[in-house]
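The residues of the chain are indexed from 1 along the displayed sequence. In this text the structure is predicted, and so the values were computed from the model without any measurement.
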Amino acid sequence: MYNAMEEEEYEFHPVELPDGPCFRPQVEYNNRPDSLFFNDGKRRIDFILVYEDEDKKGFEKRHTFQRRKVRCFLIFHLLEATLSVMDNKVIFVKVHMPWELLCTYAEVLHIKVPIKPNDIPTRPSLWSVFNCITKHFYPDEDLIRREPEFFTAPFEKNRVNDFYIKNKDLFFTPSMRSRMAFYILSRAPYEVRASIKKFGITKLLDSGVYKAAYPLHDCRFNVKSKEQDYPNERLLLFKEWAHPKNFYKMQPLDLIRKYYGEKIGIYFAWLGFYTMMLAVAAVVGLGCFFYGYHTQETSTWSKEVCDPEIGGKIVMCPQCDLCKYWMLNSTCDTSKCFASFSLTQFLPVFALPAVTLFLELWKRYQAELEYDWDTVEFLEQEGPPRPEYEAKCIYERKNPITGVKEKVPFTACGRCVRLSIGIGTVLFWIMLILASIVSIIVYRLAVFYTLSKKLRDSNELKNLEPIKEYVTPQMATSVTASIISFVVIMILNMLYERVAIWITDFELPRTMRDYENSLTLKMFLFQFVNYYSSCFYIAFVKGKAVGHPGNPVYLLGKYRNEECDPGGCLIELTTQLSVIMGGKAIWNNIQEVLIPWVKNRFSYFCSGRVIEKEIPRWEQDYKLLAISKLGLFYEYLEMVIQFGFVTLFVASFPLAPALALINNLFEIRVDAWKFTTQFRRMVPEKAQDIGAWQPILQGVAILAVATNAMIIAFTSDMIPRLVYYWSFSVYPYGDHDNHTMQGYINSSLSFLSINDFSPKFSVNVTGQPRNSTICRYRDYRFPPGHHRQYEHNMLYWHVVAAKMAFIIVVEHIVYFTKFILSYVIPDVPYAVKEQIKREKYLTQVLLHETNLKLVTKRLKPAADEETHEEINETKEEAEDEC
C-alpha cells in the first residue's frame with residue numbers, strides 16, 4: 001500500500017514527442033447520441049477533454065506542444081477523439097480508465113470498496129408504525145431503490161481477490177472512475193523549463209489550451225436513454241428530486257452522493273437537515289407572532305399611547321434641531337405593532353438552546369453519513385496535495401512524522417511571512433468596511449440636517465405636490481443612504497472576492513480541503529461585517545448616545561447623533577431585517593434560476609438551429625455551463641449568512657425562521673434543478689463533513705446568545721416595563737395598590753422646559769405647542785426646577801441594573817444549557833459505533849488472513865528445501881554405514 005502511496009510524488013523528465021499524434025486518429029461519430037462508450041462499445045468514457053483543432057484555427061505553437069505533452073502522458077489505448085457534430089473546429093477527446101489503472105489509483109486515493117455485505121441487523125425505527133403516511137414524503141422506492149450495505153476497506157491492489165467483486169466493469173462506480181481520471185489529468189506534465197515544472201489540466205483550461213474538461217452525465221435530464229441497461233440516474237434525480245412538485249419530499253441522498261460525490265451529497269444533507277429544524281422554529285415563531293397580534297389590543301401601555309386623553313395630550317420634543325414637535329398618539333399604530341412583539345422577546349429562551357440541539361443532532365446525523373458513505377477515516381488519510389502546491393515544492397525538510405525528507409514550497413520563515421500578509425490584508429479590508437459604515441453614518445447625519453433645513457420652507461416642495469406629504473427628511477435620508485449602502489456593499493463584495501482568492505492562492509495551502517477552509521474563513525469574516533453591520537448599528541448604536549433635547553450630543557461638533565424613530569429602534573431593526581432577508585432571498589433565487597437558464601438559451605441560439613444528426617452525449621454536456629471553481633462555496637455562504645439572521649436577531653424578528661424555511665424549500669429544489677439540468681456534471685470530490693462551516697456555525701450560535709440578550713435589554717422596552725410593573729407601579733414609588741402597567745407611559749417620559757433647548761436648536765414657530773412650556777422625551781431624568789435637573793433619576797439606575805442582571809443571568813443559563821446538551825448528546829450514535837468496530841474487525845481479519853497466506857506461501861519453498869536436504873543427508877549417512 002505504501003508503495004502505491006509514493007506515486008503521489010512525481011518526477012518530471014523531458015519527453016521525446018513523436019512526429020505524429022499521440023493518440024489514435026479521429027473516429028467518426030457513430031450516431032448513438034446516448035452512448036457512454038468508445039465506438040467499440042466496450043471501453044467506458046470516464047472523462048472528456050475539449051479543444052479546438054489547431055489546423056482549422058490559428059493557435060500558438062506553445063498550445064499545440066502543451067496539448068501533445070498531455071496526450072503523450074496518457075497511455076495510447078486510453079484515448080479516442082471525435083469531431084464535433086455542430087462545429088468542425090471542436091474536437092472531443094474521450095478518456096478511458098482500464099482496470100489496472102483503476103486499481104493503482106484506487107489505492108493511491110484510499111478509495112474504500114466493499115469487502116463483505118453488512119450482516120448487522122437494522123433496528124426497526126420508532127416511526128415505522130406511521131409508514132403508511134410517511135412513505136408519501138419519500139422518493140418513489142420503485143424508482144430509486146435502497147442501496148445495499150457493505151462493510152468496506154481501503155482498496156489494495158495486491159489483495160484484489162479479497163474484495164467483494166462481482167463485475168469488474170461495475171466494481172468502481174462512474175463517480176469513482178471520473179475522480180481518478182481527473183486526479184491523473186491534474187498531474188499530467190505539459191512543460192518543463194530548467195527547475196520549473198508545469199502540469200495540470202486546470203492551468204491548461206485557464207490558459208485556453210483546452211476549452212473544457214468534465215465527466216459525462218449518464219443521460220438527458222428529461223428523456224430516458226435509448227441504450228440498454230443504462231441506470232438513467234440523472235433522469236431519476238430530476239423526477240424525484242429536482243422537480244418543483246417534490247418540494248415536500250425528502251431527498252434521495254444516497255443517489256445524490258453516488259452520482260455527484262460525497263461533497264455535493266453532504267451539502268444537500270446539511271441543507272435538508274437545517275430546513276427540517278427551521279420548520280420547528282418557524283412554528284414557534286409564528287405562534288408567538290399571531291398570539292402577539294391577537295392580544296395587541298389588550299396592552300395597557302399601548303392603550304395609553306393611543307388614548308386621546310393621555311397620548312393625545314402629551315407633546316413630544318423634536319428629534320432634531322430643525323424638526324417639529326409631535327404628539328405621542330401619532331405613534332399609535334407603531335405602539336400596537338410593538339405590543340404584538342411582547343411575547344416574541346421570550347422566543348430566544350426556546351430558540352437559542354434549540355440551535356445547540358440542532359448542531360448536536362447534525363453531528364450525529366453527519367456521523368451516520370460518514371459511515372454510510374465511507375468517509376470515517378477520510379481526514380486521517382490526508383488528501384492529495386494540490387497541483388499548484390506540488391509545482392512549487394523547491395525546498396527540502398524532514399517530515400516530523402515519518403522522518404523522511406520531503407519537498408515543500410517555502411521555509412518556516414516564508415510561511416510566516418505569507419500568513420502575516422494574508423491576515424494583514426483581511427484586517428485591512430474589514431477596517432475598510434467599517435470606514436465605509438462610518439462614512440454612511442456621517443452622510444445620513446449631514447443629509448438629514450440639510451433636508452430638515454430645506455424642507456422647512458414649503459416652497460421647496462411645490463414641484464412635488466402629489467407626494468409632498470410623503471417627502472420627509474427621514475424618508476429621503478433612509479432611501480438615499482440605503483441605495484449608497486447597497487452600492488458600496490456590492491462593490492466591496494466584488495473586489496474582496498478577488499482579493500480573498502489571491503490571498504489564499506498566495507498562502508499556497510497543501511490540500512484542497514485546506515484551501516477551501518482558508519478561503520471560507522476569509523470570506524465569512526468579510527461578509528459577516530458587510531451584511532450585519534447595519535443591523536448591529538441599529539440595534540446597539542443608534543439612539544444610545546444622544547444626550548437629551550436640552551443638551552444633545554453632536555458628531556464632529558456639527559451633526560446631531562441619530563435618534564430612533566418615534567416607534568423605537570426595535571421596529572426599525574425588524575424592518576431592516578425583513579427587507580434584507582426577503583430581498584436577498586428573492587434576488588438570490590431569481591439569480592440562480594434565471595442567469596444559468598438565459599446563458600444556456602443564448603448558447604443554444606448562437607450555435608444555430610437543430611441539425612439533422614442527433615447530438616452525442618459529450619457534445620450536449622459541452623453546451624451546458626461549467627461549475628465555478630469555488631463550487632459549493634457560495635451556496636454554503638448564502639445559507640450561513642441566513643443562519644446568522646435567524647439566530648442573531650431572533651428576539652426582534654420572530655418571522656425570520658418562517659421566511660428562512662420558505663426560502664430553503666425553494667433553495668433545495670432550485671439548487672437541485674440547477675445542478676441537474678443547467679450545469680455539466682461536477683468532478684466528484686470526497687468530503688467527510690461541511691468543513692470550516694461547522695465551527696463558524698458554532699461561533700454564530702455562541703454569539704447569538706449575547707446579541708439576543710442585549711437586544712432584549714437595550715433595544716426593546718421589556719426590562720423597563722418589568723421594572724415598572726414589579727417595583728415602581730406600587731408603594732413606595734407608585735400610587736397603585738396592585739402591580740399594574742397603568743401609568744407606565746408617563747413614568748417613562750421625562751420633562752424638558754422649552755426655554756432650556758440648546759442654542760443650536762431652531763424650531764419652526766408654527767410647530768410650537770400652544771399653552772405649553774414643556775415637552776416630553778424618552779428617558780429617565782429629573783424634571784426642570786429640580787436641584788439635579790436633567791440628571792438621571794433613581795428609575796434609570798434601577799433599569800440599568802436590571803438590564804445588566806438580565807444579560808448575565810440569561811447568558812449563564814443559556815450557556816449552561818448549551819453545555820449540558822453538548823455533553824449529554826453523543827456525537828456518534830451507538831449503532832454507528834458498533835458498525836465501525838465490526839468493520840475494523842473484519843478489515844483486520846482480512847489483512848491477517850492475507851498476510852498469513854503470503855507468509856505460508858513464502859515459507860513453503862524453504863520448508864520443502866529443508867525436507868529435501870534432510871532426506872539427502874539421511875541417504876548419505878546410510879551409504880556411509882554400508
Item to complete: Using distance alone, with no hydrogens and no angle criterion, decide if Ser518 and Lys522 have a side-chain donor and acceptor under 3.5 Å apart.
Response: yes
Item to complete: Apply side-chain contact (heavy atoms from CB on, under 4.5 Å) to the pair Glu360 and Asp827, showing each step before the final yes or no.
Response: CA-CA 7 Å; Glu360 293 302 317; Asp827 292 346; 3.4 Å; yes
Worksheet item: Between the main-chain N or O of Ser652 and the side-chain N or O of Thr574, is there a donor-acceptor pair closer than 3.5 Å?
Response: yes
Worksheet item: Lys112 and Lys686: side-chain contact (heavy atoms from CB on, under 4.5 Å), yes or no, with the steps?
Response: CA-CA 11 Å; Lys112 298 183 76 173; Lys686 204 81 170 173; 5.6 Å; no
Worksheet item: Do Ile264 and Arg257 come close enough that some side-chain heavy atom pair is under 4.5 Å?
Response: no
Practice prompt. Can you see which heavy atom on Asp218 is nearest to which on Arg617, and at what distance?
Written response: C-CD, 4.4 Å
Worksheet entry | Euclidean distance, Leu347 CG relative to Leu352 CG, rounded to 0.5 Å | 8.5 Å
Worksheet item: Only one of Leu632, Ile256, Val670 clears side-chain contact (heavy atoms from CB on, under 4.5 Å) with Phe675; which?
Response: Leu632
Practice prompt. Return yes if a side-chain donor-acceptor contact under 3.5 Å exists between Tyr259 and His217, otherwise no.
Written response: yes
Discussion item. Has Arg177 got a side-chain atom pairing as donor or acceptor with Met97's backbone, closer than 3.5 angstrom?
Written reply: yes
Fill in: Close side-chain approach of Arg44 to Asp46, heavy-atom, < 4.5 Å
yes
Response to the item:
Sorted by chain and number, sequence neighbours left out, ring pair (Phe, Tyr, Trp, His ring centres under 6.0 Å) with Phe273 holds for Phe358, Trp362, Tyr365
Response to the item:
Pro33 and Ile615 have their tightest heavy-atom pair at CB-O, 3.3 Å
Discussion item. Counting only heavy atoms from other residues, nucleotides and ligands, does the tally under 6.0 Å from OH of Tyr291 exceed 12?
Written reply: no
Discussion item. Can a donor-acceptor pair be found, under 3.5 Å and without considering hydrogens, that links the side chain of Asn517 to the backbone of Gly691?
Written reply: no
Worksheet entry | Pairwise distance CD1(Ile45) to CG(Leu216) - rounded to 0.5 angstrom | 5.5 Å
Worksheet entry | Residue pair Leu36 / Glu227, side-chain heavy-atom distance below 4.5 Å | no
Worksheet item: For Arg32, does its backbone N or O pair with a side-chain atom of Ser35 as donor and acceptor, under 3.5 Å?
Response: no
Fill in: Spatial distance of atom CG (Leu821) from atom CG (Leu357) [nearest 0.5 Å]
6.0 Å
Discussion item. Between Glu667 and Met639, is the side-chain contact (heavy atoms from CB on, under 4.5 Å) condition met? List the steps.
Written reply: CA-CA 9 Å; Glu667 181 73 22; Met639 290 295 103; 3.9 Å; yes
Item to complete: Report yes if the side chains of Val113 and Phe150 come closer than 4.5 Å at any heavy-atom pair, otherwise no.
Response: no
Worksheet, complete the sentence: Between Tyr230 and Ser225 the two heavy atoms that sit nearest each other are CD2-OG, 3.4 Å
Side-chain atoms of residues 235-244: list all donor-acceptor pairs with protein atoms under 3.5 Å, sequence neighbours left out, distances to 0.1 Å.
unit_1: Glu240; atom_1: OE1; unit_2: Asp140; atom_2: N; d: 3.1
unit_1: Trp241; atom_1: NE1; unit_2: Gln251; atom_2: OE1; d: 3.0
unit_1: His243; atom_1: ND1; unit_2: Lys245; atom_2: N; d: 3.2

Worksheet item: Is there a ring pair (Phe, Tyr, Trp, His ring centres under 6.0 Å) between Phe653 and Phe645 once you walk through the steps?
Response: CA-CA 9 Å; Phe653 193 28; Phe645 282 121; 9.3 Å; no
Worksheet item: Just wondering, do Ile266 and Thr375 contact through their side chains at under 4.5 Å, heavy atoms?
Response: no
Worksheet item: Is it true that a side-chain atom of Asn708 and a backbone atom of Val650 form a donor plus acceptor pair closer than 3.5 Å?
Response: yes
Discussion item. Just verifying a value: how many Å separate Glu516 CD and Ile690 CD1, rounded to the nearest 0.5 Å?
Written reply: 12.5 Å
Discussion item. Cys535 vs Leu573, test: side-chain contact (heavy atoms from CB on, under 4.5 Å). Steps then yes/no.
Written reply: CA-CA 6 Å; Cys535 297; Leu573 177 60; 4.0 Å; yes
Practice prompt. Enter the distance from Leu185:CG to Tyr210:OH here, rounded to the nearest 0.5 Å.
Written response: 8.5 Å
Worksheet item: Within 45 degrees of the axis of the six-membered ring of Tyr214 and under 6.0 Å from its centre: does Arg681 put its NZ or CZ there?
Response: no
Worksheet item: Are Lys623 and Met86 close enough that some pair of their side-chain heavy atoms sits under 4.5 Å apart?
Response: yes
Discussion item. For the CD atom of Glu635 and the CH2 atom of Trp270, what is their distance to the nearest 0.5 Å?
Written reply: 11.0 Å
Item to complete: Could you tell me whether the side chain of Gln694 reaches within less than 4.5 Å of the side chain of Lys363, counting heavy atoms only?
Response: yes
Worksheet item: Could Asp254 and Lys258 be called an ion pair, given the rule that one side-chain N must be under 4.0 Å from one carboxylate O?
Response: no
Practice prompt. Please examine the side chains of Phe47 and Val683, heavy atoms only from C-beta on, and report whether any two atoms are closer than 4.5 Å.
Written response: yes
Practice prompt. Please determine if Asp671 and Lys674 form a salt bridge, counting it only when a charged side-chain N lies under 4.0 Å from a carboxylate O.
Written response: yes
Item to complete: List the atom of Arg220, the atom of Arg234, and the distance in Å for their closest heavy-atom pair.
Response: CA-NH1, 3.7 Å
Worksheet item: So which heavy atom on Pro596 is nearest to which on Leu625, and how close?
Response: CA-CD1, 3.5 Å
Practice prompt. Identify the heavy atoms of Ile641 and Tyr532 that sit nearest to each other, and give their distance.
Written response: O-OH, 2.6 Å
Discussion item. Before we go on, tell me: are the rings of Phe633 and Trp693 under 6.0 Å apart, centre to centre?
Written reply: yes
Fill in: Whether Tyr634 side chain and Ser628 backbone form a donor-acceptor pair below 3.5 Å
no
Worksheet item: So does Glu141 pair up with Arg146, basic N to acidic O under 4.0 Å?
Response: no
